[in-house]
Amino acid sequence: MTNITPQIKPKESRRSKFLKNVKEAKKKVTISKEQKLKLKQQKEAYQEFKYQPEEKTLEDKFAQFKEILTSQSAEIYECYENQINEKLEEILKEKPYGQDLLIGKNNKINSPKNSAINFIEVESFEKNKENYNLNCALTTAFAAASETGTLFLNSGCENPTWLNYLATCHIVLLDKNSLCQTYEEAFAKGKKEAGLSNKPFPPRSINMISGPSRTADIEQTLTLGAHGPIELIIIVYTSEREV
Amino acid sequence: MSNQTFEKQVNQTLLLKDASLSKSASSFNERAHAALLDDKLQQALSVIPSGFVGKRTKAKAALPEFSELSDQAVRIKNHTLANIEAYLEQFEAAVQRSGGQLHFAPEPQDALDIIDEICTTKDAKLIAKGKTMVGEEIGLTHFLEDKGYETVETDLGEYLIQLRDEMPSHIIAPAVHLTRENIRKDFLKTHKNLAKDRKLETPGDFVQEARHILREKFINADIGITGANFLIAETGTSIIVTNEGNGDLCQSLPKTHIVIASLEKLVPTLEDTTVLLRLLARSATGQSISTYTTFATGPKREEDTSGPEEFHIVLLDNGRSKMLGSEFAEMLRCIRCGACLNHCPVYQNLGGHAYGTVYPGPMGSVLSPHYFGERAKDLPFASSFCGRCNEVCPMQIPLTKLMRKLREKPLTKRTLFAKTSMFAWSQLAKRPRLYNLTMKAVLPCLSIAAEQNWLMNKVPGVKAWQKHRTLPTIAKTSFQDAWNLNCKKDSSQENTRVKKEGQGK
């Protein structure tokens with residue numbers, strides 16, 4: 001899968017000792033017949049429970065998604081697919097971060113040239129190491145789950161993971177139609193899309209993001225912008241004529 | 001041999017830490033005593049009940065399926081542990097398939113050696129570390145520092161205690177015992193290049209300063225080390241859950257990513273982790289989900305422009321396989337949410353350092369004797385057995401039952417005094433008549449003694465008990481006697497009532 005061969009090989013002696021310990025411990029487990037039967041049933045049917053909350057319409061899902069994320073101090077905007085650029089210009093005008101916007105290669109909006117925004121397509125982190133205090137970065141979510149207001153982002157050259165964490169202001173694009181209700185649906189969507197484009201699943205990273213970075217380590221007081229973004233902005237776009 | 005070296009090393013670092021925090025107290029009782037007299041600590045701890053406890057109650061109530069999810073989570077972990085050999089092999093194959101390396105570490109020293117070997121091979125100078133309790137368990141940061149690597153804790157709480165060379169006092173909020181006053185002093189002392197008269201008042205001031213200092217470390221780190229909340233056998237994935245995003249920077253910027261985790265973190269599939277994730281944050285901080293949950297599988301892919309080039313998982317045993325084959329196997333279901341700590345009256349009053357190991361509270365009282373042996377032997381006694389920990393545990397671990405079992409173990413044997421008095425008590429309790437007779441004789445004496453405090457303090461065991469509490473006044477008659485007397489009164493009243501009614505007719 002990768003052409004870099006790690007130089008450090010795991011030691012076989014440690015492996016066999018580890019597995020032997022586990023094996024011996026398993027032998028020691030003495031359980032009654034009843035427990036054995038129960039375990040066998042669990043083995044066969046441990047996955048029988050599925051988390052299935054009452055199904056929601058897309059609008060209800062969106063309302064829930066928006067409510068939760070807003071309560072987590074994220075900002076949510078809606079627009080048509082062909083208006084994303086205008087929306088971005090509008091948002092950045094309001095913010096104190098200037099007009100530079102870092103973005104992955106082959107990105108969704110093709111970095112329009114005639115924009116007021118200065119789109120900077122990044123490659124490796126190494127090449128951007130010098131100015132690591134980025135102001136704004138844009139990445140794309142492949143899905144979202146309304147149950148807890150969570151965005152799902154894949155790693156890849158069009159979506160470098162470090163942009164999600166180093167920018168002061170992180171902007172995420174989300175297709176309204178990829179808004180799911182549960183985590184399971186979101187993962188199923190990711191798996192299906194990876195299958196369609198012949199990519200391995202899971203990729204190096206899947207990031208579930210549910211708000212701007214925060215900490216409560218100082219006297220249990222919630223404070224935003226711990227190490228990651230201080231602001232999370234989500235642009236939800238629709239291709240249909242009606243929003 | 002390697003194990004002995006490890007124990008020596010851990011004992012050394014812990015002695016050092018103990019000295020700084022509770023005046024080199026060696027037993028739980030002594031440390032507990034020191035903690036209760038520490039006003040600053042008491043002030044810091046006072047936020048726990050209103051914070052964690054209240055938020056968890058709300059979060060749980062907002063998810064109607066919570067108990068069903070908890071049942072399912074128990075099934076998942078029981079199933080995985082019952083088939084752990086198969087899942088270990090599946091996991092190993094999956095990690096290799098995605099281009100990573102899985103290193104088995106039977107003992108802590110093995111884990112340390114493996115990580116040292118990787119760091120040496122990579123010629124590492126700066127290591128950025130995310131929060132990992134398994135790392136704390138094996139003294140990883142101290143080990144790496146001693147080896148000459150600059151090792152920086154990047155979780156804000158862990159960073160704060162690294163500056164003070166202390167142990168975490170909580171498994172999810174390591175610096176919960178610190179006040180802003182403590183932190184201000186440490187920051188002024190450590191961050192010398194910053195202006196001396198800078199403003200350090202609001203929590204935001206501290207967070208901004210730490211962000212500024214630590215960002216430079218992330219950028220220049222050669223190696224990133226993280227823990228794992230879960231490991232997925234099917235895909236070879238490690239999962240971390242954070243609110244700060246520090247773990248993500250540790251695992252996306254440096255060229256080498258090392259995961260240190262223990263064998264019980266395994267779950268079979270991606271779908272299984274969703275069940276556990278729904279319970280974790282709600283039980284831990286009362287959030288519906290933590291801000292960042294990240295699934296890392298293998299190193300960066302060929303077409304990726306960024307990400308680590310190497311991905312190593314170090315899987316630690318350290319006594320866990322022994323637990324697997326024992327009556328303590330249920331403890332391996334623990335997902336380290338910390339709910340039992342937050343709800344424990346002993347923890348709420350003492351904080352984590354009194355426990356003397358990195359795993360405090362009820363879960364620590366069961367785990368620590370298994371991982372650290374001798375030096376944690378009195379922890380199973382650090383409980384009043386009120387049972388709140390059992391109630392709030394999302395993995396339904398019978399913590400008090402396990403602590404009770406541990407109290408019977410040779411390692412955690414009681415003192416002779418405790419043994420004889422428990423024996424005498426059990427003999428008495430088994431014989432109701434003898435018990436009643438004794439009580440009739442003893443109670444009035446105790447009741448008189450209770451009025452004279454100096455006299456009460458002469459009763460064996462009472463003086464120590466009274467140090468931080470007052471013994472309630474003891475009634476002259478036992479409950480049973482009072483009950484019997486009342487019943488007699490009642491029945492005689494009843495009789496008179498019946499008589500009167502009869503006359504009325």
Side-chain angles (χ1 to χ4, degrees), chain A residues 1-4 6-8 10 14-15 17-19 21-29 39 42-43 46 49 51 105 123-125 129 132-133 148 150 155-157 160-162 165 183-184 187 202-211 213-215 217-221 223 225-228, chain B residues 47 51 65 72 75-76 78-79 82 84-85 98-99 101 103-104 106 110 117-118 121 156-157 175 180 203-204 206-207 211 219 235 237 243-246 248-249 252-253 270-271 274 288-289 291-307 309-310 317 321-322 324-325:
Chain A
M1 203 153 278
T2 163
N3 47 9
I4 301 135
Q7 294 160 307
I8 303 102
R14 289 196 183 116
R15 179 182 188 273
K17 187 180 167 197
F18 189 106
L19 295 177
N21 286 348
V22 172
K23 202 171 180 181
E24 268 166 21
K26 295 300 302 183
K27 267 190 215 150
K28 274 191 208 149
V29 183
L39 261 173
Q42 275 183 1
K43 190 176 174 178
Y46 90 96
F49 173 79
Y51 176 67
K105 285 171 92 184
E123 281 188 30
S124 72
F125 164 66
K129 216 170 174 174
Y132 54 79
N133 280 316
T148 52
T150 303
S155 61
C157 64
T161 308
W162 56 278
Y165 297 96
Y183 306 151
E184 284 87 345
F187 280 123
R204 155 64 197 172
S205 299
I206 301 175
N207 302 110
M208 286 168 75
I209 298 179
S210 313
S213 156
R214 63 197 57 213
T215 183
D217 275 338
I218 312 277
E219 292 184 349
Q220 283 207 41
T221 316
T223 314
H227 291 295
Chain B
V47 292
E65 295 89 348
Q72 173 64 5
R75 279 196 290 271
I76 291 170
N78 282 350
H79 166 82
I84 188 80
E85 288 165 275
S98 63
Q101 296 283 333
H103 306 260
F104 290 98
D110 293 316
E117 198 191 335
I118 299 171
T121 320
L156 182 56
R180 260 180 279 174
F206 293 100
V207 173
R211 177 190 173 98
I219 303 301
T235 53
T237 303
N243 274 314
E244 299 178 7
N246 65 308
D248 287 283
L249 288 168
S252 56
L253 301 184
L270 193 64
E271 285 70 28
T274 60
S288 58
I289 187 168
T291 309
Y292 301 115
T293 300
T294 302
F295 297 67
T297 315
K300 72 170 196 172
R301 305 300 152 84
E302 254 175 90
E303 65 277 14
D304 289 356
T305 49
S306 61
E309 287 161 7
E310 284 192 27
D317 182 340
S321 62
K322 268 198 201 116
L324 199 62

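A note on names: the letters A, B, ... follow the listed sequences, proteins ahead of strands, and every chain is numbered from 1. Everything quoted here is computed from the prediction, not taken from an experiment.
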Exercise. Judged by atom type as modelled, is there a donor-acceptor pair below 3.5 Å linking the side chain of A:Lys26 to the main-chain atoms of B:Ile84?
Worked result: no
For this session: Give, for atom NZ of B:Lys322 and atom NZ of A:Lys28, the distance between the pair rounded to the nearest 0.5 Å.
Result: 7.5 Å
For this session: Return the minimal non-hydrogen interatomic distance between B:Ser321 and A:Ala25, and the atom names on each side.
Result: O-CB, 2.8 Å
Exercise. Which pair of non-hydrogen atoms, one from B:Leu156 and one from A:His227, has the smallest distance, and what is that distance?
Worked result: N-NE2, 4.3 Å
Exercise. Pick from B:Thr297, B:Thr235, B:Thr294: which one has the most heavy-atom pairs with chain A under 4.5 Å?
Worked result: B:Thr297
Exercise. Can you tell if the side chain of A:Thr215 reaches within under 4.5 Å of the side chain of B:Val207, non-hydrogen atoms only?
Worked result: yes
Exercise. Backbone N or O of A:Gly228 within a donor-acceptor pair of the B:Arg211 side chain at under 3.5 Å?
Worked result: yes
Seminar exercise, completed: So NZ of A:Lys105 and CD of B:Glu303: to nearest 0.5 Å the spacing works out to 12.5 Å
Exercise. Donor-acceptor pair, A:Ser213 side chain versus B:Glu244 backbone, under 3.5 Å?
Worked result: yes
Exercise. Under a 4.5 Å heavy-atom cut-off, does chain B meet the side chain of A:Leu19, its backbone, both or neither?
Worked result: side chain
Exercise. Measuring from B:Asp248:CG to A:Thr161:OG1, what's the distance to the nearest 0.5 Å?
Worked result: 8.5 Å
Seminar exercise, completed: Closest heavy-atom pair, B:Thr291 versus A:Gly211, reported as atoms and distance to 0.1 Å, is CG2-O, 3.1 Å
Problem set entry | Approximate separation, where rounding is to 0.5 Å, of A:Cys157 SG and B:Asp304 CG | 7.0 Å
For this session: Please report the shortest heavy-atom distance between B:Ser306 and A:Ser124, naming the atom on each side.
Result: CB-CA, 4.4 Å
Problem set entry | chain B interface, residue from A:Gly225, A:Ser155, A:Ser205, A:Ala226 that has the most non-hydrogen pairs under 4.5 Å | A:Ala226
Exercise. What part of B:Ser288 lies closer than 4.5 angstrom to a heavy atom of chain A: side chain, backbone, both or neither?
Worked result: both
Exercise. Taking atom CZ of A:Phe125 and atom CD1 of B:Ile219, what is their separation to the nearest 0.5 Å?
Worked result: 4.0 Å
Problem set entry | Side chain B:Arg301, main chain A:Gly156, donor-acceptor under 3.5 Å | no
Problem set entry | Heavy-atom donor-acceptor pair, A:Glu219 side chain to B:Arg180 backbone, under 3.5 Å | yes
For this session: Check A:Asp217 against B:Gly157 and note the closest heavy-atom contact, atom names and distance.
Result: OD2-N, 2.7 Å
Exercise. Does a donor on one side chain and an acceptor on the other come within less than 3.5 Å for B:Thr305 and A:Glu123?
Worked result: no
Problem set entry | Contact origin within A:Thr150 toward chain B - heavy atom pairs under 4.5 Å | side chain
Problem set entry | Whether A:Phe187 and B:Phe295 hold their rings parallel, tilted or perpendicular, with breakpoints at 30° and 60° | perpendicular
Exercise. Is a side-chain N or O of A:Arg204 found less than 3.5 angstrom from the main chain of B:Gly307, in a donor-acceptor match?
Worked result: no
Seminar exercise, completed: For A:Tyr51, the ring-ring contact (aromatic ring centres under 6.0 Å, His included) test, sequence neighbours excluded, returns none
For this session: Please report the shortest heavy-atom distance between B:Phe104 and A:Arg14, naming the atom on each side.
Result: O-CB, 3.3 Å
Problem set entry | Set of ring-ring contact (aromatic ring centres under 6.0 Å, His included) partners for B:Tyr292, sequence neighbours left out | A:Tyr165
